[in-house]
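Take a look at the structure set out below.
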2 protein chains.
Amino acid sequence: MPASRLDPIDRKILAELQADGRMTNVELAKRVGISAPPCLRRVRTLEESGFIRGYHAEVDARELGFEVQVFAMVGLVSQAEADLSIFEGRCRSWSLVRECHMLNGEVDFILKCVAPDLSTFQTFLTEELLKADNVASVKTSLVIRGAKDDPGVPFDVLEDRLTRDA
Amino acid sequence: MPASRLDPIDRKILAELQADGRMTNVELAKRVGISAPPCLRRVRTLEESGFIRGYHAEVDARELGFEVQVFAMVGLVSQAEADLSIFEGRCRSWSLVRECHMLNGEVDFILKCVAPDLSTFQTFLTEELLKADNVASVKTSLVIRGAKDDPGVPFDVLEDRLTRDA
DNA sequence: CGTGAAACCGTCGCCCC
DNA sequence: GGGGCGACGGTTTCACG
């Protein structure tokens, strides 16, 4: 089910809803150049086929009291598939861990964590992460400041690529 | 304007809209236990005060053809404030760079990048990032697989913290 | 995909506490 | 200050061409 299954109107819908997920369907229909009913049918299809995984309000973490953001590089003792899966499951159970990605190279996982303050994070680090089974090493880096944090994907790159292939 | 300015209903609203940003206002009102008009007034206030920065559809990057996700650790030659700002501005202008965070420790920035394929990324890496002014070193790590990718913040941690302080 | 109609929702003014 | 009620206009979402 590749992106080529989508026509230009579908891609426009995705781009618009990524930029403003609360847009009304009539506004969306106007922007993509069709009337409201077929537009809604397309949105439902995109949701059911998994192109749209959900809709989320973007909240201001700092203003809400999450002052600390940390990237943690984790090395494991065993990289057997079963052990990798166990560690991933642990990460999913930790609220402070928002993202967990398996990497190539010298480190096995990168985790993006948030916490209200440094002591909360350090408690998590020493009491949970470092004590977890199979964890060999953890190197943490504090985010000093954020310069860019765009959700989603760059649709301009997609369009460039599709028009170049055509 | 700290989180303590928010009452439990406001926090519930934020948590619900983070989980489902397209929920209707009447459904939201029902879930937080008030009627629709005051609920909508609260949402507008949360938007205007910056607690809610926007709403976005979450799209499936892989299904859309973005097969490659890469973390890049960037070291700069000069860490003077003016030079940091210039680099951050360059990152904002690159569509493939979705996130750019300044870190403490041995590396200056971490970038999260997406691309349709490896060759697109490598072109970006060699033609743009490595050639950019002031860039001293770049170490890249490919994401082999994603294990967790939750947007937003953990409201359960917020509630624990507030009830503990009370 | 578009049109039309019915049900629902967002939104406002007003009243209440 | 905040919450609830009622009403209007716009929106969602059908069935049908």
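What you see below is based on every heavy atom in this structure, not just the backbone, and it leaves out hydrogens, waters and symmetry mates. Proteins get letters first, then strands, A, B, ... in listed order; numbering begins at 1 in each. These numbers come from a predicted model, not from an experiment.
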Apply side chain to side chain donor-acceptor pair (under 3.5 Å) to Asn134(B) and Ser78(B), showing your working.
CA-CA 6 Å; Asn134(B) 199 30; Ser78(B) 156; 4.6 Å; no

Is there a chain of hydrophobic side chains (I, L, V, M, F, W, Y, each step under 4.5 Å between heavy atoms) that links Phe51(B) to Leu28(B)?
yes

Considering only heavy atoms, which members of residues 25-46 of chain B lie under 4.0 Å from some atom of DNA chain C?
Asn25(B), Val26(B), Pro37(B), Leu40(B), Arg44(B)

Is it true that His101(A) and Phe71(B) have ring centroids separated by less than 6.0 Å?
yes

Strictly by modelled atom types, are Thr163(A) and Glu159(A) linked by a side-chain donor-acceptor pair under 3.5 Å?
no

Determine, step by step, whether Glu127(B) and Lys131(B) satisfy the salt bridge (Lys or Arg N to Asp or Glu O under 4.0 Å) criterion, reporting the C-alpha distance in whole Å, the side-chain angles of both residues, the deciding distance to 0.1 Å, and the verdict.
CA-CA 6 Å; Glu127(B) 298 300 314; Lys131(B) 285 184 178 170; 2.9 Å; yes

By the ring-ring contact (aromatic ring centres under 6.0 Å, His included) test, which pairs, at least two apart or in different chains, include something from residues 112-159 of chain B?
Trp94(B)-Phe124(B)

Name the stems that DNA chain D belongs to, where each is three or more consecutive Watson-Crick or G-U pairs with both distances under 3.5 Å?
C:2-9 with D:9-16, C:11-17 with D:1-7

As a test of understanding, state which of Val138(B), Thr140(B), Ile110(B) forms a side chain to side chain contact (heavy atoms under 4.5 Å, CB included) with Met73(B).
Ile110(B)

Between atom CE in Met23(A) and atom C1' in dT11(D), what is the gap in whole Å?
15 Å

Out of Arg22(B), Gln18(B), Glu16(B), which residue meets the side chain to side chain contact (heavy atoms under 4.5 Å, CB included) rule with Asp20(B)?
Arg22(B)

